[in-house]
Amino acid sequence: MGNYDMAAEATLVRAVRALDQGDAESIPERLTGVWDALSDHSGGSFHAAEEMLLRWLLKTMTGSSASAERVRRYARVWDILAAVFARIPLFSLAKSLADRRFISILQQTLKDIATPTHGDAQPNAGPGGSDLEMADAPPPERPANPRKRKRTGSASFDPAAQRHAAGCLETAEAVFEAIRVLVSRCELKSLDSAPAHRMGAEHVKALFSSSAVEAMAILVPWLTVCGLALDRPTAEPLRAQPSWLHTFAALWELHLQSAGDASEVATHLSGTAARLLGTLTRVATQTSRSIDSAVAERWSRDLRRFLTRNLILPARAAFLTKESHEVVRIAVDVSSASAGITFPVLFDLVTKSPLEIGGSTSRKDYETWVQAAFDCILLASKNLSRGNSLTAVSAVVEMAADRGTALSTPSLRAVCKDYALRSGTSDWSLLLSIVKLDPDVFLLSEEGKQLLDRILEQTRDADSLSAGDFDKAARFIVLLADGYAQGRDLSTFVRTWHQYLTPATPKAGLQRLWSRRELVDTVARLIQPSLTTNQLVDVLEWLALQTQPAASMARIHILEAISSGISHEEFVDAANTKAFDAVFLDKFSKRELPAISACRWTVASQTLARGTLEDAGRIWLRIALDLKSILEKSPVDREDTFAAFRCCVAAWLANHPGAAHEDEAAALIGSFINRLETDTESMELDSQDGGASKKGCIPNAILSRVTAAGTQGGGLEPATAVSRLLLAREGNTNNQKLMDLLIDAVISLIDTSKAGRSGASTTVAFQFLLDVPTEVLNRAHREAVMTALVAHLPRDSDKAEAIGAEYWKPVLGLMVKLMARHTFPEGMSFSHLYSIGRCLLKIYKRSNRRSRGDVATDDLPKDRDNFKLLQHLAVLTLRQMASGSLEARERVYLTGAISLLQSPCPETDVVPRLVLQQAFISTVQGSPAATKLEGDGLDLDGLRDGLLQVASPAITSGKRQGKGLLALLVALEALAGLDGAVVRNALAGAVPSLLEASDSLLENGVQAGWQVRMFVANHFPEALVAPLKVRMSAEPQAAAEEDEGAADGGASGASLGKTALLRYVDAVVQTADENTKLGYLDELLSEDHDGQDGPGRLLVIYRLIQHLRGSRPPESPDQFSLAQAHTRLCNRLQQTTSPSHFLLTANAIRLLLDQTPACMTQWNIELTLSTVSALASQATTPPRITASPRTYPALCRLVEMVIRRHRRRLDGHFHILLTALQSLLHLLLPRPGPAPPPPPPTPTPRRQHHARRFARLLTLVCEPTVASVSRRGAGAGAGAGAGALDSEKDRARRYAGQHMYVVAMAYVRRQLECGAAAAAVPREVREALETGGMYAVLDVTTADGLRIMNDAMDGAGRVVFRELYGRYRRFGKWNGV
């Protein structure tokens, strides 16, 4: 070996010395010899040949001659330089590079290759441009050794070929790789490196240590070349392409930093970088991307990080400290040439930039910064062409609307005037984004109202709008209604609605845009929260004045929406009959449009359902003749006929048995049922078999209604509604004859042909069978349905398009429901499950192709749910087959399953095979059939090995997108039931790639990354160095959606990965000891939780506390303890500004108080009560926290936990509890200000709920539970028992009676302060407070306490207290039996 190295070194020396021999044309041949010698020589302790080679190359590349340019552009030269950079010691290398002015050579080379010549491919153009290369020829294979590149001959040394785009990219990939090698050698991974090496690294870095302006000579062309690679017509991969932008950022880090760096980046790099990032992230959908998705993902991440760190964050700092717009203005101006791509990218970077941790900057300052960036974009857009500016501004505003970014009302109004309405027509996409952001743009100023009038006038001519614009305009109107409601001015919107809903003539019909169902439902939802009863009555009286024929049509339509939104008692009392009277101002006419007539009868039916018996009698006398006419003569398939029938049924139900009009309504219903049976030609059924009712024909008609709707190809909604109304009554489902008739008829609707899979009748049948209780379906029914479903299964020849994705969710759910009970249809086999799995996979592939390029599609959770349903179905089926004795059919089924699962698995069927094989193993291995099937070829160990063999390639392949991601997740789940040691041995090498996949998925918001990380935690815990220090993103609203336990998991957390995150925490800490868990908790509490991943971290903290028991005190005072954790959480609770963070933190504190009472000190108890007092003060609490409906219950639960678990620690410290209770009372009953009070921000039902919470606290204090006052561990004997406990409870009541009168006095005083009519305490709130709350206080207050209260109050206070005490004596005081 030594002789070989010496020979190779000698060959290299000779090749280097031969470089000076020959002319310029022979340089490629000489360099080829050098390259071959370098490839054979592995290097040694002497590097003279390499240094001589380096100096010769740099000397040859220096200068402006054509020969020097050809050498600089020659890719093989840079390949040799990369090899030389890796071998020469850094100190010597730095000296050679400095002597030969390497930086100048690099700058000139990048400048040359950044400006290729454009035109047709040149002769002998080298790779990618040869005339002799066939278009459909396969790409050349990559060599195993990347340094041993395929010889390109002298083609790439041709000047014309070198200047072409393909030649420039060939040179670029070699240049970038050489610089990457050089920079990577300077990265000192450890301080243990030799001093000479460290010194040499610093010398090399010094070569690039220039000013920002000088650094741009390298960075600008570098970024331009990356753009050239992105704009190629083909996506052929380039060498080491993913690292190009990482090296780019590393070079920038080496420059001399100064205060003007951000301006230089904005001036020279922002335009190209923003365009590049926009193309990579597909901000510009019209731009095709000829780049590998993995490379695009890496480039996007590197470029986003570079721009954020070096452009956005410095620009924000300059704005917040100096109010300087210079940097962002320069960036916007420079990138305006491609505004449609670059402006959305810049705004995206601004809005997604991370918040400052631990700084003094408020969120309001950040909103001001975003607004400043938006204003710069608007200013720059004024200098662009109409098309470019509209595209850019629309994209930016749409992005802001999707993210809920706060933008100023004047700027949005300017956008509306200059862009949305500038050309005489409305840009409905832009208008929709504006109204999403801020409806006040159109509501708060005269200019805004004028703009709104212009917009709404265009809605009169709805036929001129395209289908897309029509939907957007309709959505705009719905959001406008929401805006009026938020402004407490819904009555004005009702008048506007009436104005534009009214047609020009009665025969024209209502305006289509204003009569959509979505708007009706929205207004109905907003009526009660947005209007008082007096305001609603005023609206009804105004509508009653609109009596013109066309205006009457709009009036009836609006009154239906109002009537649908009335449910509370006070609104029913005020408006129920008024709405009916306003609808029937005009006499009913048969010439009335069906839609208007349907609204009329809908209002009547709703009034009957809500009214009294007297109201029902009056209404019936008014509508009876019209009802009889329409039910006897109008076509049965018209919507107004069905609405009139429902009104008749409502009248029948509103009359009690034996009432005056009950028989008349029943007769009308019966006659109409007879018409239905005749007109629909439904099957004849014996009425006695149909179930009992007032008229025996009603079940027959319902049956015909359900079955006829599906067979007529329409009317699915009425059929489903009728069937659900029928099944909602327990008496009907208990009538087995009725159910058998219905189920048999519904099963006959299922079309077993391929075309019938998506037919109307099949859809109705599936929905009905899903709604039917399982116990109603007998075995014959179940097997008949399963036979029909098996007939729908796809064949191998069927295409994925034959069955839509929407088909499988209800079908699989129905199969699971049927197979939960003993069911075995004829001809059923295990291959049917396999066919379902293959079809599901085809559908997933098709949906993935539609969204190719993304890390994961939105369909992934839905497709995983479908596969979980398939697994559940397989488990249920196999359990039936394997649980009993093996008869012939069970043996045939299981033998077929064994044969299929032991056969080779095609690569395309990995996912269904994993799902079914896991189901088979988990079900059969513990069943009695396991031993009986061994003679039939069952080998469970072999199946487990096969499962591991099928799953391993899916895990180790490195595919993390599309089908590869689905296969990875299914494989990880399938391996959960195998032996851990076997899995560790098989997948030890895949751990780094799994961690990388997890980080990538989580960074892109794909919550499935937690499942990958949980697998690593379960099988390779040692690979996780800091397992809980990862990004834990979660949606704040979803993360905090549970009041009673924010970390209990459940269906609510599925949308944000909450359950997966908590399971990952369980996997991490399952083997950890108490000290390790405390260490994790200490690390998490030391970090900031107000960022985007704050909710996730707080969820982890909650789950960690659940795992901690705190059974022992810390071993030393310096050791972190749960008491310290409680203190940090309380401090953080007072600092948080997000309602979701507040709720999660409060729940964590409550869990500590409840679960670890022995670890809580007196300081913790007092700190909890003091924190509640401080937060209940609106003067110091952020408005967002105070306005949240969950803040008050959270504070009450904290006090409740102190009272329940730490009652004895309040002795001698009761004044702190009193302060907390008074603060909570003041928060519940806020004091009105000097100005006229606005409408109460908290609805009365919510305040009533809060009042009950507070009253419960008073009850706990005054009527303590035995557990809260018992002395744990007190040496009471067995005989002391109840007497000792009773005395403790009495003592606690007496102690509370000495202090709680203070709370009663605060309640009286607050009632006086809220004495104004507009601010008075609502009756419901007062009753909730006094019943069980104040009455309990008065129960324990002694006579001395009552005298003190009387002396401390003034005259007005005594009057209020006298009334309170009177109510207490009448309703609250216990006087005995």
Side-chain angles (χ1 to χ4, degrees), residues 532-533 570 1172-1173 1176-1179 1181 1186-1187 1191-1193 1195-1196 1199 1215 1217-1262 1296-1297 1299-1342 1345-1373:
T532 64
T533 54
E570 60 268 26
V1172 171
S1173 301
S1177 172
Q1178 298 187 30
T1181 307
T1186 306
T1191 297
Y1192 195 85
L1195 295 176
C1196 288
V1199 179
H1215 60 284
L1217 175 63
L1218 293 177
T1219 303
L1221 291 175
Q1222 291 180 80
S1223 300
L1224 288 173
L1225 180 64
H1226 294 166
L1227 182 60
L1228 178 64
L1229 306 176
R1231 178 188 302 172
T1242 306
T1244 299
R1246 188 188 304 166
R1247 296 181 69 189
Q1248 185 178 5
H1249 171 69
H1250 293 174
R1252 291 196 188 100
R1253 284 273 188 184
F1254 182 77
R1256 179 59 181 159
L1257 294 180
L1258 301 182
T1259 305
L1260 287 174
V1261 175
C1262 300
H1299 302 86
M1300 290 300 293
Y1301 69 87
V1302 177
V1303 179
M1305 291 180 61
Y1307 173 63
V1308 171
R1309 183 168 60 253
R1310 185 57 59 155
Q1311 285 194 84
L1312 291 173
E1313 294 171 349
C1314 300
V1321 180
R1323 175 179 56 83
E1324 298 86 350
V1325 177
R1326 188 181 69 246
E1327 290 178 354
L1329 270 174
E1330 294 178 0
T1331 304
M1334 291 301 163
Y1335 293 169
V1337 174
L1338 294 177
D1339 272 339
V1340 300
T1341 302
T1342 63
L1346 293 175
R1347 282 193 293 271
I1348 293 173
M1349 294 176 64
N1350 184 70
D1351 295 340
M1353 293 180 187
D1354 56 9
R1358 293 190 188 97
V1359 171
V1360 174
F1361 179 72
R1362 189 180 302 116
E1363 294 178 356
L1364 170 63
Y1365 197 77
R1367 290 192 296 270
Y1368 161 68
R1369 295 190 64 179
R1370 290 175 59 194
F1371 307 114
K1373 187 175 182 180

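We use all heavy atoms of the structure for the numbers below, so side chains are in, but hydrogens, waters and symmetry mates are not.
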So, taking the atom named OH in Y1368 and the one named OG1 in T1341, what distance separates them when rounded to the nearest 0.5 Å? 8.0 Å
Atom of Q1311, atom of V1360 and distance for their closest heavy-atom approach: NE2-CG1, 3.7 Å
Please round to the nearest 0.5 Å and tell me the distance separating atom CG of L1195 and atom CZ of R1253. 11.0 Å
If I take atom OH from residue Y1307 and atom CG from residue L1329, how far apart are they, to the nearest 0.5 angstrom? 5.5 Å
My understanding is that only one of V1261, L1257, V1172 makes a side chain to side chain contact (heavy atoms under 4.5 Å, CB included) with L1217; could you say which? V1261
Hey, does F1254 have a side-chain heavy atom less than 4.5 Å from the side chain of L1258? yes
Report yes if some heavy atom in the side chain of R1367 is under 4.5 Å from a heavy atom in the side chain of M1334; otherwise report no. no
Using the ring pair (Phe, Tyr, Trp, His ring centres under 6.0 Å) criterion, which residues pair with Y1192? Sequence neighbours excluded. H1250
Do you know the tightest heavy-atom contact between L1224 and C1196? CD1-SG, 4.4 Å
Closest heavy-atom contact between C1262 and V1337? SG-CA, 3.8 Å
What's the spacing between R1369 CZ and L1364 CG if we round to 0.5 Å? 12.5 Å
Does some side-chain heavy atom of V1302 sit less than 4.5 Å from a side-chain heavy atom of M1305? no
Would a 4.5 Å heavy-atom cut-off, applied to side chains only, mark L1218 and M1300 as touching? yes
Using the side chain to side chain contact (heavy atoms under 4.5 Å, CB included) rule, pick out the option among R1252, R1247, H1249 that qualifies with V1325. R1247
List the residues meeting side chain to side chain contact (heavy atoms under 4.5 Å, CB included) with S1173, not counting sequence neighbours, and say none if there are none. T1219, A1220, S1223
Does L1229 offer a backbone N or O that forms a donor-acceptor pair with the side chain of R1310 under 3.5 Å? yes
I'd like to know if the side chain of R1358 reaches the main chain of M1353, judged simply by a donor and an acceptor atom lying under 3.5 Å from each other, with no hydrogens or angles considered. yes
